[in-house]
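To keep things clear, I will list the structure first and then write my remarks on it.
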Amino acid sequence: MTSASEKVRVRFAPSPTGYLHIGGVRTALFNWLFARHHKGQFILRIEDTDRSRSTEESIQTILDGMRWLGLDWDEGPVRQMDRLNLYKEHADRLLKKGAAYFCTCTPEELDARRKEAQAKKRTPRYDGRCRDHKGPLPDRPAAVRFKTPQTGQTIVEDLVKGRVQFDNAQLDDLIMLRSDGVPTYNFGVVVDDSVMAITHVIRGDDHLNNTPRQIQIYHALGYPLPKFAHLSMILGPDKSRLSKRHGATSVTEYHDQGYLPEALINYLARLGWSHGDQEVFSREELIEKFSFENVVSSPAVFNPEKLLWLNSHYIHEGDTGRLADLLQPFLVGEGVAEGRDASLLPKVIPALQTRSRTLVEMAQGAACFFKDAIEMDAPAQAKFLTPEIRPLLMELIERLNTASAFTASEMETVFKNVMDEKGIKLSKLAQPVRVALTGRTVSPGIYEVMEILGKDRSLQRLKKAIDLIPSDITK
RNA sequence: GUCCCCAUCGUCUAGCCCGGCCUAGGACAUCGCCCUUUCACGGCGGUAACGGGGGUUCAAAUCCCCCUGGGGACACCA
């Protein structure tokens, strides 16, 4: 598709003003997939020119998130604040050409005019009053504005949206350099994308309106245009732009809630892109199959349920050893002392894989195998550890004591015998035992649980459970 | 207020570009059944959509126009 001479170079350019947003991740992912598909380069650029809001901490969060998801970059992170002279040089070029000019309007003045326009329901727009200012350079701090062509049209050929037309009369003169010499977004991107030889600008479609202005800057600078691809927004359930009030929107939260990176990647890839009816994709398949041909142009509602389903899918299929590693911190989170009885993990994890949708759930289910004192779920206790079950449990303990071996199959035999003799169903016995042994109503198969726990701990817990049963004075 | 984008089941989407194979397919969720003398997993089946109106055409989810609805942008934020 793309010849070797025009090697694909794309970039993800977040502004470090907060956490790494799920929408940002999707943009990063599409960039990354496109780069990897074309064996091109993926570059990370930090757009930190908003000095009041950018933080080091945020940069760190972004890098961590990218690493967690395996979105590795080939160059960077490049920081815009490290290259101020680059923007200044470019601004000077335009100033010299007469394609830009100094503007001495103060932010306060501009703000007041804008507010007034909005109040009068008029289009807020810079009126160009400094545009034709002649004479000596201003003696007070001045911003540099771009002299946007006021006639004709600018056409954006977009890989996702198609051909989009804008009247230049619609555009006003944007500020390129603030009065302190720091570039604004629209100027910074153009300079950097040009200098960094970016071939495809893939970003959120909230930037589509900025594109004609940027195209004019490319023209003025004499730089070739990259290809553009504007991805539709990710929406919340109420169809407004996905934000914090819709729930978790930061990658960190998904990590902390026990999601697997491959689940998030898979989910986000399918949000706005498809490959026929396929739902589950490995990273390699994604790289192989990704193309803008199949990127959808309409916005998509974020569906946490489906993400959860994918996560459970990947947990079901996951490699035990890897899951064991990933689970570790979550076990600690459940109060299991670090590095404890790690030898049980190879048995515990497979037993829990089909009943855990997240690593948090898995850790919750696993905790009872590692702790001395289990946490008893109160409703479960009330429901299943009842006086009428006491004799059955006592009988069971008796039999287990004399069981030849403490294996799952032997357990089954013991249970069978009790059931036959007492004429009860397994469900009658299994749930109370489950609660006694794990403190919960959901656990691996009950025989399996006993085998993993072993004879001593199993019997101990059963006895303890009997002690918890209220005495049967009413009967 | 101006400009831009978008419009298939509740949700993600296939189909649309190159009209007929669409009595519109898949997935998540939901409902029901089955499997399991345990909790899950799993299997099977059901409910559910082309926003409205005009064209064009023998034929429109598919092409054109309008309306409506939703989203976004209009900063010395990005």
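All chains are named by letter (A, B, ...) in the order of the sequence lines, taking the proteins before the strands, and each is independently numbered beginning at 1. The basis for the numbers below is simple: all heavy atoms, side chains too, and nothing from hydrogens, waters or symmetry mates.
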Charged N to carboxylate O below 4.0 Å: is that the case for A:Arg11 and A:Asp192? no
Base, sugar-phosphate, or nothing: which does A:Lys428 touch, judged by heavy atoms less than 4.0 Å apart? nothing
From the options B:G71, B:C12, B:U37, select the nucleotide whose nearest atom is closest to the side chain of A:Met233. B:G71
Does B:U37 have a Watson-Crick or wobble mate here (both distances under 3.5 Å), and if so which one? none
Taking a pair to mean Watson-Crick or G-U wobble geometry with both distances below 3.5 Å, B:C28 pairs with B:G10
Looking at B:C5, B:C3, B:U38, which one has an atom nearest to any side-chain atom of A:Ala430? B:U38
d(CG, A:Leu310; C1', B:C28) in whole Å: 9 Å
Could you let me know what B:C50 is paired to, Watson-Crick or G-U wobble, both distances under 3.5 Å, or none if it's on its own? none
Can you find a side chain N or O atom of A:Thr123 that sits less than 4.0 Å from OP1 or OP2 on B:C3? no
N or O in side chain of A:Arg114 less than 4.0 angstrom from B:U2 OP1/OP2: no
Using atom CG of A:Asn266 as one end and atom C1' of B:C28 as the other, report the distance to the nearest whole Å. 12 Å
Test of ring centre spacing under 6.0 Å for A:Tyr267 and A:Phe302: yes
Between A:Arg79 and A:Thr49, a side-chain donor and acceptor under 3.5 Å: no
Mind checking A:Asn210 for me? I need base, sugar-phosphate or nothing, with any heavy atom below 4.0 Å counting as a touch. base
Spacing of the P atoms in B:A48 and B:U11 (rounded, Å): 16 Å
Could you tell me the separation between the CZ atom of A:Phe166 and the P atom of B:C5, rounded to a whole number of Å? 6 Å
Quick one: A:His230 NE2 to B:A73 P, roughly how many Å, whole number? 12 Å
Length of the CZ-C1' vector between A:Phe187 and B:A75, whole Å: 17 Å
Considering only the C1' atoms, how many Å lie between B:C65 and B:G20, rounded to the nearest integer? 24 Å
Has the side chain of A:Lys161 got a donor or acceptor atom sitting under 3.5 Å from an opposite partner on the base of B:C5? no
Under 4.0 angstrom, heavy atoms only, what part of the nucleic acid is A:Arg125 near: base, sugar-phosphate, or nothing? nothing
When you compare B:U23 with B:G15, how far apart are their C1' atoms, in angstrom units rounded to a whole number? 16 Å
Between B:U11 atom C1' and A:Tyr267 atom OH, what is the distance in whole Å? 8 Å
Applying a 4.0 Å non-hydrogen cut-off, can you work out what A:His207 is touching in the nucleic acid: base, sugar-phosphate, or nothing? base
Any A:Ser274 side-chain nitrogen or oxygen under 4.0 Å from OP1 or OP2 of B:A14: yes
Touch check for A:Val296, heavy atoms < 4.0 angstrom, all strands: base, sugar-phosphate only, or nothing? sugar-phosphate
Testing B:G42, B:G71, B:G10 for proximity to the side chain of A:Ser240, the answer is B:G71
Using atom CG of A:Leu392 as one end and atom P of B:U37 as the other, report the distance to the nearest whole Å. 20 Å
Taking A:Asn294 for its side chain and A:His275 for its backbone only, find out whether a donor-acceptor pair lies under 3.5 Å. no
P-based separation of B:C64 from B:A49 [nearest Å]: 26 Å
Please give the distance between the C1' atoms of B:A14 and B:G26 as a whole number of Å. 7 Å
What does A:Ser298 touch in the nucleic acid at a heavy-atom separation under 4.0 angstrom: a base, only the sugar-phosphate, or nothing? sugar-phosphate
Is it the case that the side chains of A:Ser52 and A:Asp50 hold a donor-acceptor pair, with the cut-off being a distance below 3.5 Å and no angle test? yes
Please work out if A:Asp206 contacts a base, only the sugar-phosphate, or nothing of the nucleic acid, heavy-atom cut-off 4.0 Å. sugar-phosphate
Could you check whether A:Gly188 gets within reach of a base, just the sugar-phosphate, or nothing at all, counting any heavy atom under 4.0 Å? nothing
Determine the Euclidean distance between corresponding P atoms of B:U13 and B:G19; express it in Å to zero decimal places. 25 Å
Basic-acidic side-chain contact under 4.0 Å: A:Arg270, A:Glu285: no
Checking all strands, does A:Leu174 fall into the base, sugar-phosphate, or nothing category for heavy-atom contacts under 4.0 angstrom? nothing
Just call it for A:Leu208: base, sugar-phosphate, or nothing, with non-hydrogen atoms closer than 4.0 Å on any strand. sugar-phosphate
Which is true for A:Thr49 with a 4.0 Å heavy-atom rule: it touches a base, it touches only sugar-phosphate, or it touches nothing? sugar-phosphate
Distance between C1' atoms of B:C41 and B:C63 (Å, rounded): 48 Å
Between the base of B:G72 and the side chain of A:Asp205, is there a donor-acceptor distance below 3.5 Å? no
Please report the distance, rounded to the nearest Å, between CZ in A:Arg53 and P in B:A75. 15 Å
Between B:U13, B:G42, B:A78, which one does the side chain of A:Asn186 approach most closely? B:A78
Within the 4.0 Å heavy-atom criterion, would you say A:Pro299 contacts the bases, only the backbone, or no part of the nucleic acid? sugar-phosphate
Looking across every strand, which nucleic acid part, if any, lies under 4.0 Å from A:Ile446 by heavy atom: base, sugar-phosphate, or nothing? base
Could you check whether A:Phe415 gets within reach of a base, just the sugar-phosphate, or nothing at all, counting any heavy atom under 4.0 Å? nothing
Counting just side-chain N and O atoms, does A:Arg122 come under 4.0 Å of either OP1 or OP2 of B:G1? no
Decide if atom CE of A:Met394 counts as having more than 12 heavy atoms of other residues, nucleotides or ligands within a radius under 6.0 Å. no
Quick check for you: among B:C28, B:A14, B:U38, whose closest atom lies nearest to any side-chain atom of A:Trp309? B:C28
Closest-nucleotide 5' rank along RNA chain B - winner of A:Pro124 and A:Ala143: A:Pro124
With the side chain of A:Met419 defined as its heavy atoms from C-beta on, choose the nearest nucleotide among B:U37, B:A73, B:A78. B:U37
Could you please name the partner base of B:U2, counting Watson-Crick and G-U wobble pairs only when both distances are under 3.5 Å? B:A73
Do the side-chain N and O atoms of A:Arg434 and A:Ser443 include a donor-acceptor pair separated by under 3.5 angstrom? yes
Reading RNA chain B from 5' onward, which residue's closest nucleotide shows up sooner: A:Val442 or A:Glu279? A:Glu279
Presence of A:Lys239 side-chain N/O under 4.0 Å of B:U11 phosphate oxygens OP1/OP2: yes
salt_bridge(A:Glu421, A:Arg399) N-O dist < 4.0 Å: yes
Would you indicate which nucleotide in B:A27, B:C76, B:U37 comes nearest to any side-chain atom of A:Ser179? B:C76
Which nucleotide in the set B:G26, B:A29, B:A73 lies at the smallest distance from any side-chain heavy atom of A:Asn209? B:A73
In terms of the angle between their ring planes, are A:Tyr254 and A:Tyr259 parallel, tilted or perpendicular, with boundaries placed at 30° and 60°? perpendicular
Work out how far the P atom of B:C44 is from that of B:A29, and round it to whole angstrom. 15 Å
What's the closest nucleotide to the A:Val164 side chain, out of B:C5, B:U38, B:A78? B:C5
Which one, B:C6, B:C12, B:C76, comes nearest to the side chain of A:Thr184? B:C76
